[in-house]
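Note on naming: letters A, B, ... go to the chains in the order of the sequence lines (proteins, then strands), and numbering restarts at 1 for each one.
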Number of protein chains: 2
Amino acid sequence: MAVTIHEVARRAGVSVSTVSRALAVPDLVRASTRDRVLAVAEELGYQPNRAARGLITGRTGNIGVVVPDVANPFFSAVLKGAHARAREAGQVVFLADSAEDSRVEAELVAAMGKQVDGIVLCSARMGDEELERSAGSTPMVLVNRRKAGLPSVLMDSADGMRQAVEHVAALGHRRIAHLSGPVRSWSSAERLRGLREAAAASGVEAVEIGPFPPTFEAGLPAADLVLASGATAVLAYNDLMALGVLNRLAVRGVVVPAEMSVVGFDGTQVSAMTTPALTTVGMPTETAGRAAVELLLDVLARPEHHSEAARTLPCQLVVRSTTVPPLPQAVRAGAPARLEALT
Amino acid sequence: MAVTIHEVARRAGVSVSTVSRALAVPDLVRASTRDRVLAVAEELGYQPNRAARGLITGRTGNIGVVVPDVANPFFSAVLKGAHARAREAGQVVFLADSAEDSRVEAELVAAMGKQVDGIVLCSARMGDEELERSAGSTPMVLVNRRKAGLPSVLMDSADGMRQAVEHVAALGHRRIAHLSGPVRSWSSAERLRGLREAAAASGVEAVEIGPFPPTFEAGLPAADLVLASGATAVLAYNDLMALGVLNRLAVRGVVVPAEMSVVGFDGTQVSAMTTPALTTVGMPTETAGRAAVELLLDVLARPEHHSEAARTLPCQLVVRSTTVPPLPQAVRAGAPARLEALT
DNA sequence: ACAGTCGATGAAAACCTTTGCACTGTGAGC
DNA sequence: GCTCACAGTGCAAAGGTTTTCATCGACTGT
């Protein structure tokens, strides 16, 4: 049986109100009384019952985080950041995994609604109307999704894509392939936009292939498509897909980076672990997680104030070993024997 | 303002008791009344306030999951399984990340205590006494940690290790290196035990190197140690470390698997993505997560019953491309030129 | 026809906390 | 010496639900 505020009050010889105040608004109670109460509370190991508190204050002290897939390193990193920031604020995080299913997602958000003060919704898959409905009942901040009237934390994927394009363009590539991701994803659209703008600006030709699911497996067939496209560099939707490309290229006997440059996206741990190490666009995942709960906390504190706030976090290209200048045309057309001399 | 049970009662023309019963124990109310109540509840979108319910029942409907690091794919997989099973049971999961710190871990468990019905504690880092103290205040099931009197879900790492050892032994390796993981980890100790037993039984010589943190970075220097040891095969503590080994071996110009066989552990996604694909011991991570909340639910349902229950899940070696028979001694000592012919 | 049962429902207590309001006493200002 | 303000504290209501107990009517068995 847990120790209640009544028990503390009894032992300290005061009323429950005084105990409550001693803990919540110390200045309201005389120093001597407060010290006595605090001592007793400490001794008994008293911890307020959050359910009871929530009942009266209407605040639960919980924040919900919903992601499409916890097992995806991208999201688990966001989750980690969110958890860290929440903990600092004494909030607890509720986790929900929508399994990439927009219906489940909506359901989870609805179910969470009453038990949390607010929700951090990552890469929302649900439609705009559903989103609006959900947001109506619970304060919510979006991560990597934009919706008028809803606060959000965005990662500047378009700019990340620009960096990637400029990088391969600077290396001398003139025809680059892009492997696109989930159609309904905001992030996906942003990257496409960044690609087109940067390609036009840099005077390189971008061939768009896809869409694909953002997985290793999708990268396998995508690699063949890339080879057939005649591109000399490929920008994958994410690191997982890039790994698939790498894998398939190796099977096909295509040497990376000599014969094909490959760029990933997300900057997940694994991108540093391949041989050769993958050039990728680093995403501020953990930072985004932190920023999202930060923003949510703000919204909770003064509701009407920043319903429109959108914070954009920068991406940073990290150049590793999968991007080099393309082979001269003559060599590419030549015999494999000549290639060996180059690698 | 949320719709309460009173509102439903008023609109349905019954008392709150009847509404409560219609939802919780439908047989207790007349069919016609029940239908009417249910219809009204549905129409109003009534959802019981869990805080209020928890206040009276003493059950929160929440279960806590604490892991050393959400961003580690091994744990995020366990988490995913736990979440899935919890959701099926209508429970929600509280996440806590201890950042591999035993003090934070204990703190988190204590803080969670009051807000959850029970805790799933993964790969507990805290000491036995602390563990005992924590378990005293909240029902708890351990994952990959054994402690007398506490229910637990174990993955049979020792047997997984046996499979790995027998595999490389069968390939003809006679001297194999083992890279050990965190000293305080139960899993680590189990694997060492499995290694020694299987090595003795198979008549192979095991050289134990370590301990190391279970990371990619640790695999780098470990690879050099392995080369110096004269082993022809290496069993790494986990996949991450194995990737580090692979990476460093490539840098050193050692060809895998021809010159060195490498086995990982955990069977994480990434193990399938390397080139060559990593032979590894598959761990039933998601299953373990499910099993853990299953067990917790059981314990919650009938407390005194299975406080001792320990469920052990099997591991399964998955053979891929990093393990082949060792080179004949003559060749290994010979010129690199001869090697090339082999690969 | 009557006692006894049982099914269906309602009233109210209980869970633990926060907080508005009321009360007491002390010191300041006149 | 009297009023007033105010600091410190207690009382009690409120929050939404579950659950025990009581009530009431109808039905069964004799």
Side-chain angles (χ1 to χ4, degrees), chain A residues 1-41 44-62 90 92 111 113-117 137, chain B residues 1-41 44-62 90-92 111 113-117 137 300:
Chain A
M1 191 79 277
V3 26
T4 77
I5 200 175
H6 286 95
E7 182 68 11
V8 176
R10 202 176 57 75
R11 296 240 205 162
V14 296
S15 74
V16 291
S17 334
T18 303
V19 176
S20 178
R21 279 190 280 255
L23 271 61
V25 265
D27 332 303
L28 281 188
V29 349
R30 202 199 317 165
S32 63
T33 316
R34 185 205 317 148
D35 294 346
R36 183 156 37 95
V37 170
L38 260 32
V40 174
L44 264 47
Y46 169 70
Q47 285 209 276
N49 180 322
R50 291 181 84 127
R53 169 185 297 174
L55 202 51
I56 173 119
T57 60
R59 293 280 294 262
T60 62
N62 304 329
V92 173
K114 301 283 175 282
Q115 313 173 56
V116 299
D117 296 337
S137 57
Chain B
M1 190 81 271
V3 27
T4 76
I5 200 173
H6 286 95
E7 182 67 12
V8 176
R10 201 175 58 76
R11 297 240 204 161
V14 296
S15 73
V16 292
S17 334
T18 303
V19 177
S20 178
R21 278 189 283 253
L23 271 63
V25 266
D27 330 306
L28 280 189
V29 349
R30 204 200 315 164
S32 63
T33 315
R34 185 204 316 147
D35 294 345
R36 183 158 36 98
V37 170
L38 260 31
V40 174
L44 265 47
Y46 169 69
Q47 283 207 278
N49 180 321
R50 291 182 85 127
R53 171 184 294 172
L55 202 52
I56 173 113
T57 60
R59 295 279 294 261
T60 61
N62 304 330
Q91 304 275 115
V92 341
K114 299 284 175 283
Q115 313 174 57
V116 300
D117 295 337
S137 56
L300 258 26

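- Side chain Ser17(A) to base dC11(D): a donor-acceptor pair is found below 3.5 Å.
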Table of protein N/O atoms under 3.5 Å from nucleotides 5-9 of chain D N/O atoms:
{"from": "dT9(D)", "atom 1": "OP1", "to": "Arg30(A)", "atom 2": "NH2", "distance (Å)": "3.2"}
{"from": "dT9(D)", "atom 1": "OP1", "to": "Thr33(A)", "atom 2": "OG1", "distance (Å)": "2.5"}
{"from": "dT9(D)", "atom 1": "OP2", "to": "Arg30(A)", "atom 2": "N", "distance (Å)": "2.9"}
{"from": "dT9(D)", "atom 1": "OP2", "to": "Thr33(A)", "atom 2": "OG1", "distance (Å)": "3.4"}

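- Proximity of residues 5-13 of chain B to DNA chain D (heavy atom under 4.0 angstrom from any strand atom) is restricted to Ile5(B), His6(B).
- In this structure, Leu44(B) places its CG atom 14 Å from P of dG16(D), rounding to the nearest Å.
- Distance CZ (Arg50(B)) to C1' (dG16(D)): 14 Å, rounded to an integer number of Å.
- Between dC16(C) and Tyr46(A), no contact under 4.0 Å exists linking OP1 or OP2 to a side-chain N or O.
- OP1 and OP2 of dT18(C) both lie 4.0 Å or more from every side-chain N or O belonging to Thr57(A).
- Closest approach of Leu23(B) and Tyr46(B) over heavy atoms only: CD2-CE2, 3.6 Å.
- Of all the heavy atoms in Ala9(A) and Val16(A), the pair that sits closest is CB-N, 3.7 Å.
- In terms of heavy atoms, Val8(B) sits closest to Val3(B) at CG2-CG2, 4.2 Å.
- Closest approach of Val40(B) and Ala12(B) over heavy atoms only: CG2-CB, 4.0 Å.
- Look at CZ on Arg53(B): it is 5 Å from P on dT18(D), rounded to the nearest Å.
- Taking atom CZ of Arg59(A) as the reference point, atom P of dT17(C) lies 19 Å away to the nearest angstrom.
- Ile56(A) places its CD1 atom 8 Å from the C1' atom of dA13(D), with the value rounded to the nearest Å.
- Using a 4.5 Å cut-off on side-chain heavy atoms (C-beta onward), Thr4(B) and Asn49(B) make no contact.
- Heavy-atom minimum distance, Ala22(B) versus Val37(B): CB-CG1, 3.8 Å.
- With values rounded to the nearest 0.5 angstrom, Arg59(B) atom CZ is found 4.5 Å from Leu300(B) atom CG.
- Rounding to whole angstrom units, CD of residue Gln47(A) and C1' of dC16(C) are separated by 14 Å.
- Atom CZ of Arg36(A) sits in a crowded spot, with more than 12 heavy atoms from other residues, nucleotides or ligands closer than 6.0 Å.
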For this session: May I have the step-by-step check of side-chain contact (heavy atoms from CB on, under 4.5 Å) for Thr33(B) and Thr18(B), ending in yes or no?
Result: CA-CA 9 Å; Thr33(B) 315; Thr18(B) 303; 4.0 Å; yes

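- Counting non-hydrogen atoms under 4.0 angstrom, Thr4(A) reaches the backbone sugars and phosphates but no base.
- Straight-line distance from the CG atom of Leu55(A) to the P atom of dA14(D): 13 Å, rounded to whole Å.
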